[in-house]
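All values below were derived from every heavy atom in this structure, side-chain atoms included, with hydrogens, water molecules and symmetry-related copies excluded. We count ligands from 1, going down the list as the structure has it; atoms in each ligand are counted the same way.
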Amino acid sequence: MSVSRPAAVIVLAAGEGTRMKSRYPKVLHELCGRSMLGHVLDAAAELEPERTTVVVGHGREQVRDHLATVAPQVHTAVQAQQNGTGHAVRMAVEALREAGISLSGTVVLTYGDTPLLRGATLRELVAEHEAAGNAATVLSARVPDPSGYGRIVREDSGAVAAIVEHADADAGQRQIDEINSGMYAFDAAALTDVVHHLSTDNAKGEEYITDAVAILRDRGHRVGAFVAADWVEIQGVNDRAQLAEAWQYLNARLLRALMREGVTVVDPASTWVDVGVRVGPDTVLEPQTRLRGRTAVGAEARIGPGVTLRDTTVGDEATVVHAVTEQAQVASGASVGPYAYLRPGAVVAADAKIGTFVEVKNSTVGEGTKVPHLTYVGDADLGRGVNIGASSVFVNYDGVNKNRSQVGDHARTGSDNMFIAPVRVGEGAYTGAGAVIREDVPPGALGVSDGHRQRNIEGWVPRRRPGTAAAEAAQRAQEAEDGSSAADGRDAGGDQQ
Ligand code: UD1
Ligand code: CA
């Protein structure tokens, strides 16, 4: 299907969305990793329009900030008061004119709160519009319950005569089950003219864009309707319940696409993916799995049950079970979990193992290296073939600074080790159980630390960590103690009771 590039897409997003009961404008609410408005803009972008204008009103600063990050090429037009859909379109047309842009060709109108709309449907609308040589083509749909919607009124010949809003419709018109989706293709010249001729003589006292259809027809222009194949796709989201429904629908669509590409989804109802997530063939997504953001999983991997991956890459044949990851990389054949947490900058090389109750942050774990149990690896670089004993901590934080540590290839560290950063364990070195490693262990050496008798270095924190919350708390405790011993002194001297 060949369609021309539209001159503009205009997205209406000025409404308040009161039923969301939210501090945030409705169109900024997210599903499948993207705002509703973001989904609509993605669909519109498939038309490759010359320009896109979003009409903003309620919460316009928030909407503009959002657009600046997700779609900086998009323009905005302000509709300060919501005087109707026709008025909103007029604001867009006037903003474009003020910017010195004269539109010619096709202009597409959509809403910002219809996240299920597909680009393909807009393309079909434009194709139909251009093939028929219409001045206006409305995207319509046959729905099980048309109440609330504008109805498509047709003549006996089937030609579209008008759109009549529910509030303005008579009993007969309310029987019509073909509704107006609120999306249209217009001839630019016809649209830019007709928006100046919309009356407010209707039940709501607003300028209705829907009136453009009858006006253009009365002036002898050709108007038509294109019936969408799937009525769910054009539905708007007005409240949180509809948001959840739309989310589920969109998620199911994304999962179907993955399944068509050879991914096994054991339980689609409990598997959630964001737009843009990639998964390779013969990978199995087990129940309770959520893949978010820019996550990409290779082929023949096993993800889940109970996994959330965010902005994470997972290689072929890797396994991730009961884990949470964020901005992490897991190479092919590696195994993570059960009960692991990979934080930003965790890079797990091929065939490595991150086991049970293990947390890794801003660290590299070399090829074939194992961190099997109860361990924190923070700001460390572990070579290849390393084995880290159970219950160890890379003590990366001295309360003020974070330092890095290294463990060389094929080193084997004992259970219950503390690596006080910055410290280095050399290639092929061993460390004993319970060791506190404060000094570098040379390659091939055995690092042990005897169990020290505890000694307390008084006043160390205020002297060495001045200005920290810990130093201040210590000072307060000291002052309280000084004060109470002074009081004890007085009591001892004066109380006669
Ligand atoms: C509108 C259509 C109706 C259609 C329905 C589909 C009109 C007059 N009616 O009705 O035929 O069946 O959509 O959902 O067009 N908006 C603005 N500025 C405004 C008014 C609305 O930006 O001044 C935006 C809203 O944010 C919303 C969209 O336009 O996203 C639709 O507005 P709404 O008031 O919900 O229109 P409906 O009465 O549902
Ligand atoms: Ca609506």
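Between the OG1 atom of Thr110 and the CG atom of Leu41 there is a distance of 7.5 Å, given to the nearest 0.5 Å. The structure places OG1 of Thr319 at 9.5 Å from NZ of Lys353, a figure rounded to the nearest 0.5 Å. One finds the OG atom of Ser22 at 4.5 Å from the CZ atom of Arg240 (value rounded to the nearest 0.5 Å).
Contact annotation for Ala88 and ligand 1: only side-chain heavy atoms (C-beta onward) come within less than 4.0 Å of the ligand. Proximity of Gln79 to ligand 1, defined as any heavy-atom pair under 4.0 Å, is confined to the side chain (atoms from C-beta onward). Residue contacts with ligand 1, taken as heavy atom pairs separated by less than 4.0 Å, do not involve Arg90 at all. With a heavy-atom cut-off of 4.0 Å, Tyr111 touches ligand 1 through its side chain alone. Here Glu165 has side-chain heavy atoms under 4.0 Å from ligand 1, and that is the only part of it that gets that close.
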(request) Evaluate the salt bridge (Lys or Arg N to Asp or Glu O under 4.0 Å) criterion for residues Arg154 and Glu178: first the C-alpha distance (whole Å), next the side-chain angles of each, then the deciding distance (0.1 Å), finally the verdict. (result) CA-CA 10 Å; Arg154 292 178 183 263; Glu178 184 184 8; 2.8 Å; yes

(request) May I have the step-by-step check of side chain to side chain donor-acceptor pair (under 3.5 Å) for His87 and Gln79, ending in yes or no? (result) CA-CA 8 Å; His87 180 257; Gln79 185 195 26; 2.8 Å; yes

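Of the listed residues (Thr85, Ile10, Ile179, Val27), the one carrying the non-hydrogen atom nearest atom 7 (C) of ligand 1 is Thr85. In this comparison of Pro25, Ala14, Gly236, the heavy atom closest to atom 22 (O) of ligand 1 sits on Ala14.
The existence of a salt bridge linking Glu94 and Arg97 is excluded, since no basic side-chain nitrogen approaches an acidic carboxylate oxygen closer than 4.0 Å.
Relative orientation of the Tyr339 and His322 rings is parallel, given thresholds of 30° and 60° on the angle between their planes.
The number of heavy-atom neighbours closer than 6.0 Å to CD of Glu472, taken from other residues, nucleotides and ligands shown, is above 12.
Distances below 4.0 Å separate heavy atoms of Leu12 from the following atoms of ligand 1: 22 (O), 24 (C), 29 (O), 30 (O). Near Gln82, the atoms of ligand 1 lying under 4.0 angstrom from a non-hydrogen atom of the residue are 18 (N), 19 (C), 23 (O). Each of the following atoms of ligand 1 lies closer than 4.0 Å to a heavy atom of Asn83: 23 (O).
No N or O atom of Gly112 sits closer than 3.5 Å to an N or O atom of ligand 1. Note: no N/O pair closer than 3.5 Å links Ile163 and ligand 1 by distance alone.
The closest approach between Ser181 and ligand 1 falls below 4.0 Å for a heavy atom of the residue.
The closest side-chain heavy-atom distance from Cys32 to Asn251 is below 4.5 Å.
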